[in-house]
2 protein chains.
Amino acid sequence: MARTAYHHGDLQQQAHQQALSIVREHGDSAISLRALAKQIGVSAPALYRHFADRESLLAELAIKGFEWLRERLLQVDQNDPRQALIGIGLAYVAFAQDEPNLYRLMFGGRVLPLGVHPRLDSAGKSAFQVLEDTVARARDRGFLKPMPLSLMTATAWSLVHGLSLLTIDGHLPATESEPHLAAGVTSLLLDGAVAFPTRRTTSQNNEDTA
Amino acid sequence: MARTAYHHGDLQQQAHQQALSIVREHGDSAISLRALAKQIGVSAPALYRHFADRESLLAELAIKGFEWLRERLLQVDQNDPRQALIGIGLAYVAFAQDEPNLYRLMFGGRVLPLGVHPRLDSAGKSAFQVLEDTVARARDRGFLKPMPLSLMTATAWSLVHGLSLLTIDGHLPATESEPHLAAGVTSLLLDGAVAFPTRRTTSQNNEDTA
DNA sequence: TGCCAATGTTAACACCGTTAACTTAAGCAA
DNA sequence: TTGCTTAAGTTAACGGTGTTAACATTGGCA
């Protein structure tokens, strides 16, 4: 495992690290295996001893991203249900804005579709699990309406995912310039947008969910 | 403008159309100018007489996508504010699910970033305008809380955008297998997720938004 | 000590987007 | 009708890509 001129000795880890920093700075489309190999000082095919192909390398980076995201979500204080829900939302969007290129890689869809890299899929599930647990806990404590958990998590995830992508793509102002947007959006979901909520009008309930 | 063997006579439109069908079927990453030219029966550089580069061709297709999306949103019945808002949400998500590859191109972020193709940007704005108008109309009629319009549209857009991408990427079930998801998610935003909204329990209100 | 497996190498294949330099032909002016 | 300008094609070429095949080196274990 010494580093002669021939056997590099640390290629896997170094390639991983170098590729990660390229993705974070310039996005996954800036990753070229040939250029990466040249930077490290190794021939391009050498990389194939450690990664099946370009996509598998990207999958490794996305896994790292999901682990980071999960850690950020786990740091949210879970004492008060409302604060926990808003905290998760803010932490989620903050991660996406801190790591826009990584977030796009994780959820790009075009590259790294579901079902191809099992470890990637399960890393994504683990991160999502934190959000789901938070919603479940809030519902169990009676803070949320007694609706299907899947509906509530789908709504929450859609909201933060959409807000994340729209801000990092520049369609909506980022937290930097509009500090209260993410919290406002999250609160709006919790409290509802309708002016005269509930009680009256069974007319709303007779047409939706089974 | 006749079609001799040399001057094709209809290249621009045919390339546009062929590329569009490739994107719809296989996604924008499947677009190769050389392959496209070969399919049409023309040399690759000929395409450059009609498109500045590959990205500009993709931008044209995305513009078409935004026009289609706008048309779908304009067909939503605007009589009842609540039905209009839910209808817009459903139409938006339905479009994304009907044209997943086109939707990803329009909102991919990696390709076609904002500020590069002005016509594309304004096509996107025009589509978004329909959503914003619907929210504004509902608020003007007193159906929605008197909050900033920008906050409400940001929330609505985030929700439908997130739901669209999560479903077309397979992270959430599509309308096909869960017909009520989109309506449920939209209703949840309108009515709020909290079990005991407003009124009682100032304990919730004393710590949140300014 | 000798072999094996891991981990490198170079050469090559089949693509890709894009540009330069050249050719054809359509359309308009004298 | 002739001639010129210009739009719209052509081939050749540059530099890049992911990936595979065949070969070389070397670390570590029997």
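Chain identifiers are assigned alphabetically (A, B, ...) following the order of the sequence lines, protein sequences preceding nucleic acid strands; residue numbering begins at 1 within each chain.
As a whole-Å value, the separation of B/Phe51 CZ from D/dA8 P is 12 Å. If you measure from atom CD of B/Gln39 to atom P of C/dC15, you get 14 Å, rounded to the nearest angstrom. Residue A/Asp10 contributes atom CG, which lies 15 Å from atom P of D/dG27 at whole-angstrom precision. As rounded to whole Å, 13 Å separates atom P of C/dG8 from atom CG of A/Leu36. One interatomic measurement links the two molecules: OH of A/Tyr48 to P of D/dT17, which rounds to 11 Å at whole-angstrom precision. In this entry the distance linking CG of B/Leu47 with P of D/dG9 reads 9 Å, nearest Å. Residue A/Glu55 contributes atom CD, which lies 15 Å from atom C1' of D/dT17 at whole-angstrom precision. D/dT17 atom P lies 15 Å from atom CZ of B/Arg34, rounded to whole Å.
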For residues 117-128 of chain B, dump all side-chain donor-acceptor pairs below 3.5 Å to protein atoms at least two apart in sequence or in another chain.
unit_1, atom_1, unit_2, atom_2, d
B/Arg119, NH1, B/Glu60, OE2, 3.1
B/Arg119, NH2, B/Glu60, OE1, 3.3
B/Asp121, OD2, B/Gly115, N, 2.8
B/Ser122, OG, B/Arg119, O, 3.2
B/Ser126, OG, B/Ser122, O, 3.1

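Remark: aromatic rings of B/Phe51 and B/His16 are distant, center separation not under 6.0 Å. Aromatic ring centroids of B/Tyr92 and B/His161 lie 6.0 Å or more apart. Aromatic pair B/Tyr103/B/Phe66: centroids not less than 6.0 angstrom apart.
Here the side chain of B/Arg49 is nearest to one of C/dC22, D/dT19, D/dA12, namely C/dC22. You'll find that the side chain of B/His50 is closest to D/dG9, out of C/dT10, D/dG9, D/dT10. Side-chain proximity of A/Arg54 to C/dT9, C/dT18, D/dT19: nearest is D/dT19. Closest to the B/Pro45 side chain, of the nucleotides C/dT9, D/dT11, D/dG9, is D/dT11.
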Begin from the C-alpha positions of A/Gln97 and A/Ser164 and carry the test side chain to side chain donor-acceptor pair (under 3.5 Å) through to its verdict.
-> CA-CA 7 Å; A/Gln97 293 188 8; A/Ser164 294; over 6 Å; no
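With no hydrogens or angles considered, no side-chain donor-acceptor pair links A/Asn79 and A/Gln83 at under 3.5 Å.
Using a 4.0 Å cut-off between a side-chain N of Lys or Arg and a carboxylate O of Asp or Glu, A/Lys145 and B/Asp191 do not qualify as a salt bridge.
Within the 4.0 Å cut-off from OP1 or OP2 of D/dG9, not a single side-chain nitrogen or oxygen of B/Ser43 is found. Contact check, B/Ser32 against C/dG17: a side-chain N or O comes under 4.0 Å of OP1 or OP2.
Side-chain atoms of A/Ser177 never come within 3.5 Å of backbone atoms of A/Pro173 as a donor-acceptor pair (strictly under, hydrogens ignored).
Here the closest heavy-atom approach between residue A/Leu114 and residue B/Gly170 is recorded as CD1-O, 3.4 Å.
Against DNA chain C, the stretch residues 57-65 of chain A makes no heavy-atom approach under 4.0 Å. Near-neighbour residues of DNA chain D inside residues 15-27 of chain A, defined by a heavy atom below 4.0 Å, are absent.
A distance of 6.0 Å separates CZ in B/Arg24 from CG in B/Leu20, rounded to the nearest 0.5 Å.
Counting any heavy atom pair closer than 4.0 Å across all strands shown, B/Ile31 reaches sugar-phosphate atoms only and no base atom.
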